[in-house]
Amino acid sequence: MTVRGNSNKALHISAIGIDVNIATEKIKEMHGKYRFPDLLKKVDSLGSIKLIN
């Protein structure tokens with residue numbers, strides 16, 4: 001189980017092309033004081049934007 005900061009909720013991590021243990025450490029080192037790192041929040045929000053043709 002991976003947790004960040006003072007959270008008791010797990011952050012589930014999967015990885016392709018990198019060992020999951022290394023990915024876990026990189027996620028723990030990312031900026032942000034909450035469970036979900038700031039950069040991943042931004043990527044998540046960009047992924048939900050609808051594109052207009």
Side-chain angles (χ1 to χ4, degrees):
M1 179 169 89
T2 300
V3 295
R4 284 178 34 93
N6 297 325
S7 179
N8 292 326
K9 291 183 178 181
L11 182 62
H12 300 281
I13 299 170
S14 60
I16 296 174
I18 184 173
D19 181 87
V20 73
N21 295 315
I22 294 171
T24 298
E25 289 306 312
K26 297 296 182 189
I27 296 292
K28 286 181 177 180
E29 295 171 359
M30 292 178 99
H31 182 267
K33 53 184 182 173
Y34 301 109
R35 182 179 73 92
F36 209 60
D38 292 345
L39 184 59
L40 294 183
K41 282 184 191 178
K42 184 66 174 174
V43 169
D44 186 55
S45 68
L46 290 172
S48 65
I49 295 173
K50 293 184 181 180
L51 298 177
I52 300 173
N53 294 358

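Residues take their numbers from the sequence shown, with the count starting at 1.
Taken to the nearest 0.5 Å, the NZ atom of K41 stands 5.5 Å off from the CG atom of D38. We find the NZ-CG distance between K26 and N21 to be 13.0 Å, quoted to the nearest 0.5 Å.
Across every non-hydrogen atom of V20 and I13, the tightest pair is CG2-O, 3.8 Å.
Applying the salt bridge (charged side-chain N to carboxylate O under 4.0 Å, His left out) test to every pair with at least one member in residues 11-22, sequence neighbours left out, gives no pairs at all.
Considering only residues two or more places apart in sequence or on other chains, I18 meets the side chain to side chain contact (heavy atoms under 4.5 Å, CB included) condition with A15, I22, A23.
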